[in-house]
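Data first, discussion second: the structure below is written as structure tokens.
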Amino acid sequence: MDAGLFQQTAHSPSYFELARRLGDGGRQLVDFCIPCNPYFPTPEMFDELSRNLEAVLKFYPSDADTIAAQLARVLGLNPATMAMSNGSTELITWMDHLWFTESVAIPIPTFGRWTDQPMETGKRVDMFPLREIDGFRLNVDHYLRFIRARRSKVAVLCNPNNPDGGYLPRREVIRFMDELADLDLVVIDESFIDFVDAERDPSVAMDAAIRPNVVVLKSLGKNFGLHGIRFGYLVANPGLAGTMRRTLPKWNLNSLAETVVYMLAEHGAEYRESLRLLARDRYTMGMHLAQLPELTVYSSQANFLLVKLSAAIDGTELRDYLISRHQLFIRECGNKLGMSNRFVRLVVRPQQDVARLVSAMHAYSHPQWEDELALRRNAARSA
Ligand SMILES: Cc1ncc(COP(=O)(O)O)c(C=O)c1O
């Protein structure tokens with residue numbers, strides 16, 4: 001496995017790229033890197049999609065307004081307050097072009113596009129460091145003071161945050177928006193909010209729709225575990241949402257996205273069940289990982305866990321070892337601002353995958369365990 005593949009960009013190599021490199025070994029690949037929802041869509045939904053594949057690939061989708069109107073019906077939102085996009089990254093790009101005039105405040109570490117996009121267009125990025133000593137928890141008062149001191153024009157808050165999964169209760173987010181009612185824009189990135197189980201209605205989307213300067217961003221790809229489709233949306237007051245809709249390129253949504261949006265109306269129960277199972281897995285995975293003395297696991301409300309490695313372990317070496325020896329793909333965080341290669345992000349996965357990861361981590365720290373694992377693998381294969 002060519003480790004150089006990991007050094008090429010700020011992001012991880014794609015699943016497809018890795019599977020091509022691994023050849024036959026790619027079939028065994030377990031992805032702890034890309035935050036999918038392992039329980040949704042259900043196998044029955046995938047069968048339905050497969051049956052429709054020919055039409056999906058052959059025919060043009062409906063326009064974005066038609067697809068967004070259906071999504072609004074399913075979510076119980078007013079379509080005038082929404083704009084739908086080819087992944088939420090498309091909206092980050094356009095928000096920067098339209099509304100980020102001078103400077104943007106953002107806690108770090110976070111999703112790379114929040115710092116890279118405005119920097120690429122010459123804006124000042126005011127980075128507010130989340131501290132390891134605080135478990136990367138955001139203190140709203142400290143962040144507000146920082147925004148005022150820097151005179152930032154726009155403020156962003158990811159809730160839950162990536163890569164740590166840190167979550168700010170809804171009332172704190174409301175207070176944050178209230179305090180910043182005079183800013184050009186406040187963006188609440190709720191790409192991972194559906195995975196929260198700390199409170200019943202964590203989203204502030206409805207509140208954004210009635211405020212002059214707030215945008216809430218959502219990534220359906222993240223919630224539904226369908227990153228490949230590329231669909232996200234924003235919720236804001238009709239003026240802001242309308243400006244975004246008029247700005248987005250025509251035909252920016254594809255037929256697969258349209259098909260899935262229309263399927264959602266019938267599969268709400270399965271989706272809710274997938275979130276319940278995921279929250280259960282997050283809890284058990286956190287417990288299993290925390291038992292390894294080499295790891296510190298941070299509390300998360302997203303579908304991934306941030307883990308700190310003991311000083312004896314280099315995250316880059318661990319990542320290369322896990323992929324080449326065990327076909328386990330993890331996110332080493334050394335190339336994220338505010339992180340180092342002592343941190344890795346592990347996507348929440350079902351228990352049998354976690355057992356495989358825990359054994360492989362153990363083998364990394366205790367090389368004699370590697371032989372035992374190989375024996376077990378051979379025995380399982382010949383059984
Ligand atoms: C916090 C956050 N916002 C937005 C995105 C972009 O998601 P999408 O796949 O919808 O472009 C990501 C992707 O990792 C993310 O972590």
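First listed ligand is number 1; within each ligand, the first listed atom is number 1. Basis for what follows: all heavy atoms, side chains included, without hydrogens, waters or symmetry-related copies.
When atom types are taken as modelled, the side chain of Arg356 and the backbone of His326 share a donor-acceptor pair closer than 3.5 angstrom.
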Compile the donor-acceptor pairs under 3.5 Å between side chains in residues 302-312 and protein atoms, sequence neighbours left out, one pair per line.
{"residue": "Asn303", "atom": "ND2", "partner": "Pro35", "partner atom": "O", "Å": "3.3"}
{"residue": "Asn303", "atom": "ND2", "partner": "Cys36", "partner atom": "O", "Å": "3.2"}
{"residue": "Lys308", "atom": "NZ", "partner": "Glu132", "partner atom": "OE2", "Å": "2.6"}

Which atom pairs, donor and acceptor, lie under 3.5 Å between side-chain atoms of residues 253-260 and protein residues at least two apart or in another chain?
{"residue": "Asn254", "atom": "OD1", "partner": "Leu256", "partner atom": "N", "Å": "3.0"}
{"residue": "Asn254", "atom": "OD1", "partner": "Ala257", "partner atom": "N", "Å": "2.9"}
{"residue": "Asn254", "atom": "ND2", "partner": "Ile229", "partner atom": "O", "Å": "3.1"}
{"residue": "Ser255", "atom": "OG", "partner": "Phe59", "partner atom": "O", "Å": "2.8"}
{"residue": "Glu258", "atom": "OE1", "partner": "Ser62", "partner atom": "N", "Å": "2.6"}
{"residue": "Glu258", "atom": "OE1", "partner": "Ser62", "partner atom": "OG", "Å": "3.3"}
{"residue": "Glu258", "atom": "OE2", "partner": "Ser62", "partner atom": "OG", "Å": "2.5"}
{"residue": "Thr259", "atom": "OG1", "partner": "Ser255", "partner atom": "O", "Å": "2.7"}

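Atom CD of Gln301 and atom CG of Leu168 lie 11.5 Å apart (nearest 0.5 Å).
Annotation: atom 7 (O) of ligand 1 to nearest protein heavy atom, Ser88 OG, 3.1 Å. Ranking protein heavy atoms by distance to atom 3 (N) of ligand 1, first place goes to Asp189 OD2, 2.6 Å. When hydrogens are left out, the protein atom nearest atom 11 (O) of ligand 1 is Thr89 OG1, 2.6 Å; that is the closest non-hydrogen contact. For atom 16 (O) of ligand 1, the closest heavy atom belonging to the protein is Asn162 ND2, 2.7 Å. Shortest contact from atom 14 (O) of ligand 1 to any protein heavy atom: Lys222 CE, 3.1 Å.
Distances shorter than 4.0 angstrom do not occur between any heavy atom of His227 and any atom of ligand 1.
Per-residue contacts place Phe111 under 4.0 angstrom from the following atoms of ligand 1 (heavy atoms of the residue considered): 1 (C), 2 (C), 3 (N), 4 (C), 5 (C), 6 (C), 12 (C), 13 (C), 14 (O), 15 (C), 16 (O). Every atom of ligand 1 with a heavy atom of Phe192 under 4.0 Å away is listed here by number and element: 1 (C), 15 (C), 16 (O). Heavy-atom contacts of Gly87 reach the following atoms of ligand 1: 10 (O), 11 (O) (cutoff under 4.0 Å). Within ligand 1, the atoms closer than 4.0 Å to a non-hydrogen atom of Arg230 are 8 (P), 9 (O), 11 (O), numbered from 1 in the order shown.
Using a 30° and 60° split on the angle between ring planes, Tyr60 and Trp251 fall in the tilted class, from 30° to 60°. A perpendicular orientation is assigned to the rings of Phe136 and Tyr298, their planes being inclined by more than 60° (bins at 30° and 60°).
A salt bridge links Arg113 with Glu120: the distance from a Lys NZ or Arg NE/NH1/NH2 to an Asp or Glu carboxylate oxygen falls below 4.0 Å.
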Please report the C-alpha distance between Phe329 and Phe32 in whole Å, then the side-chain angles of each, then the deciding distance to 0.1 Å, and finally whether the ring pair (Phe, Tyr, Trp, His ring centres under 6.0 Å) criterion is met. CA-CA 5 Å; Phe329 181 24; Phe32 282 92; 9.9 Å; no
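The N/O atoms of Trp114, backbone and side chain alike, include none that comes under 3.5 Å of an N/O atom in ligand 1.
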